Amino acid sequence: MKKFVEKTKRGLKGQIIIPADKSISHRAVILASLAEGKSIIKNFSQGQDPQSTLKICQTLGINAEFKDDLIINSTGKLYAPTNNLDCGNSGTTMRFMAGILAGQNFKSTLIGDKSLSKRPMKRVIEPLTLMGAEITSDNFHAPLNIKGKKLHSIDYISKLASAQVKSCILLAGLNCDGKTSFTEPYVSRNHTERMLNFMEADISIAGTTVTIQKSKLHPQKIEICGDISSAAYFIVAGLIVPNSELILTNVGLNPTRTGIIEVVKQMGGNIEILDLRNVSGEEVGDIKITYSELKACTIKGEIIPKLIDELPVIAVLATQAKGTTIIKDAQDLRNKESDRIKAIVAELKKIGADIEETSDGFVINGKTNLKGGCEVETYHDHRLAMSLYIAGLICKEPICINGFEWVNISFPEFEQLCNKLLS
Ligand code: S3P
């Protein structure tokens with residue numbers, strides 16, 4: 001689907017509610033499926049990725065129905081599937097489910113779309129194999145054929161700070177005798193740990209190490225907050241479109257996700273957190289943003305996992321910051337739904353940005369008047385589609401985004417909410 005975006009003549013104004021967090025939605029439906037009894041999930045994401053996870057849980061025998069909320073009724077057990085389990089475009093679904101399925105007493109096959117079938121699964125196959133798992137694949141790519149069996153605990157030290165790998169191992173460890181620990185170089189998003197704790201699992205955290213023991217999960221009422229990774233597009237739009245002043249409500253503010261707020265503050269952006277509260281074990285608040293003069297900054301190291309999904313739209317932000325913004329230590333961006341380093345650099349160059357690719361990030365010189373007036377590509381990647389849309393709002397000439405339908409992976413409400421702020 002082609003989408004034309006043109007320069008807005010006025011700022012973004014008003015207030016919108018940010019839709020449900022994708023990461024937390026995956027975890028809620030998976031953990032509710034493993035808990036014996038009735039769980040109630042409020043505000044489950046409409047994005048295609050969490051819907052893939054939900055469908056897989058149903059294929060594994062979980063009773064799930066939408067009333068006002070998503071109601072999960074589980075015996076606490078999963079049942080052998082009669083079909084392949086389709087993860088669609090969702091890396092989170094494939095890596096989490098691999099951790100669970102490896103320890104079941106049945107065989108299963110995880111498949112994905114073209115993009116997911118190219119993404120690296122060695123990062124989960126390797127530690128799961130150390131736990132005794134039997135997984136065959138095409139050179140560590142999907143389809144993953146899993147012969148479920150009893151796994152044993154491990155202490156795993158990961159070179160990568162990755163919440164997907166960490167969660168995979170914790171979910172496998174939940175079903176093992178003994179203590180399983182996972183250590184990562186920096187803390188990645190910790191929603192799995194928090195939700196396991198909320199559901200009374202035996203889990204403990206010391207620095208960057210998480211330890212889990214076999215546990216029985218207790219069903220809960222889980223309310224899912226808004227996704228800061230979705231809010232990020234409007235945070236950036238509010239900062240770079242002149243005359244903007246907007247409020248984003250119900251945004252998840254877990255400190256392992258708020259790297260973008262730290263960066264905006266460092267760049268001198270006008271951002272304020274209002275009404276900080278706690279919802280189902282997660283920090284939540286409202287965010288006020290006003291158009292700002294921005295200065296460049298360097299983004300590297302420990303903060304990277306806290307803003308990994310926001311880097312494409314941070315690149316757009318950096319085109320409007322005075323000076324040289326440097327992003328490094330983000331080499332894993334090349335393994336996302338697309339090679340996001342190559343993709344964002346190529347597409348922002350087309351519309352007039354001064355941006356260069358490095359092996360582990362990019363360097364942007366600003367402030368640039370983006371010219372637009374061309375077609376840009378999404379690389380089948382939802383975050384590229386939305387980042388380019390925001391860039392289009394300040395381009396001198398309209399842009400045409402090819403493959404805009406990919407937004408539905410995480411944020412089907414994106415354009416409607418954008419229009420609300422622009423009207
Ligand atoms: C996610 C973790 C991140 C992120 C992805 C969602 C999660 O991936 O990029 O969109 O929900 O755990 P990695 O943990 O592989 O960096």
Side-chain angles (χ1 to χ4, degrees), residues 20-31 44-45 47-53 87-100 112 115-116 118-127 140 156 158-171 182-196 208 210 224-225 227-233 252 254 256-260 282 302-314 329-341 343-344 360-361 381-387 406-407 409-411:
D21 190 280
K22 171 164 88 71
S23 288
I24 301 176
S25 293
H26 286 293
R27 287 153 173 88
V29 69
I30 289 176
L31 295 185
F44 186 72
S45 167
Q48 283 172 3
D49 274 6
Q51 297 290 331
S52 295
T53 298
C87 304
N89 190 245
S90 174
T92 312
T93 308
M94 185 163 283
R95 294 183 177 130
F96 282 35
M97 292 315 302
I100 293 172
S115 140
L116 182 55
K118 285 193 205 134
R119 293 179 66 187
M121 293 298 145
K122 188 173 183 179
R123 57 185 65 195
V124 291
I125 294 176
E126 215 164 58
F140 300 107
Y156 190 69
S158 171
K159 287 196 204 89
L160 207 63
S162 162
Q164 293 187 354
V165 179
K166 173 171 63 180
S167 303
C168 168
I169 302 311
L170 293 177
L171 291 168
F182 183 91
T183 302
E184 54 187 345
Y186 307 126
V187 176
S188 62
R189 66 190 68 188
N190 62 9
H191 304 300
T192 305
E193 298 90 299
R194 285 185 177 203
M195 202 176 286
L196 281 167
T208 62
V210 189
I224 300 174
C225 57
D227 196 329
I228 190 165
S229 298
S230 298
Y233 302 100
N254 177 319
T256 61
R257 295 285 300 281
T258 50
I260 185 164
E282 294 281 351
E302 198 170 348
I303 198 171
I304 295 293
K306 298 182 186 167
L307 46 66
I308 188 77
D309 291 340
E310 286 65 81
L311 286 170
V313 79
I314 287 175
D329 302 325
Q331 53 276 23
D332 207 37
L333 263 193
R334 296 192 184 276
N335 296 317
K336 298 293 177 185
E337 287 82 331
S338 68
D339 175 342
R340 285 185 178 155
I341 295 179
I344 198 70
D360 63 348
D381 185 336
H382 54 129
R383 304 222 179 271
L384 256 290
M386 292 184 279
S387 300
W406 286 93
V407 296
I409 289 294
S410 64
F411 195 1

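Ligands are counted one by one from 1 in listed order, and the atoms in each one are counted from 1 as well. Here the structure is a predicted model, which means the values were calculated and not measured.
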For the residue pair Gly91 and Leu116, what are the closest heavy atoms and their distance?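 Closest approach of Gly91 to Leu116: CA-CD1, 3.6 Å.
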For residues Gly259 and Ile303, report the shortest heavy-atom separation together with the two atoms involved.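 Here Gly259 and Ile303 meet closest at O-CD1, 3.9 Å.
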Any atoms of ligand 1 less than 4.0 Å from a non-hydrogen atom of [X]? List them with their elements.
X      : value
Lys22  : 10 (O)
Ile308 : 9 (O)
Ala163 : 12 (O), 14 (O)
Thr92  : 6 (C), 11 (O)

Record the part of [X] in heavy-atom contact with ligand 1 below 4.0 Å; permitted values are side chain, backbone, both and neither.
X      : value
Arg189 : side chain
Lys166 : neither
Arg27  : side chain

Give yes or no for whether the N/O distance cutoff of 3.5 Å, strictly under, is met between Arg95 and ligand 1.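 No: no nitrogen or oxygen of Arg95 is under 3.5 Å from one in ligand 1.
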Does any N or O atom in Val165 lie less than 3.5 angstrom from one in ligand 1, N or O only?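 For ligand 1, there is no N or O atom that lies under 3.5 Å from one belonging to Val165.
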Distance-only side-chain donor-acceptor flag, Thr53 / Thr93, under 3.5 Å: yes
Does the side chain of Ser23 come under 3.5 Å of the side chain of His191 through a donor N or O and an acceptor N or O? no
For the pair Arg383 and Glu337, find out whether any cationic side-chain nitrogen is under 4.0 Å from an anionic carboxylate oxygen. no
For atom 6 (C) of ligand 1, tell me which residue out of Arg383, Gln164, Arg123 has the closest non-hydrogen atom.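 Going through Arg383, Gln164, Arg123 one by one, Gln164 has the nearest heavy atom to atom 6 (C) of ligand 1.
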With distance as the sole test, does [X] use its side chain to make a donor-acceptor pair with the main-chain N or O of [Y] at under 3.5 Å?
X      : Y      : value
Thr208 : Glu184 : yes
Asp360 : Asp329 : yes
Ser230 : Phe411 : no
Arg119 : Asn335 : yes

Closest non-hydrogen protein atom to [atom], residue and atom name please, with distance?
atom                    : result
atom 11 (O) of ligand 1 : Ser23 OG, 2.7 Å
atom 15 (O) of ligand 1 : Ser162 OG, 3.1 Å
atom 8 (O) of ligand 1  : Lys336 NZ, 3.1 Å
atom 4 (C) of ligand 1  : Asp309 OD2, 3.2 Å

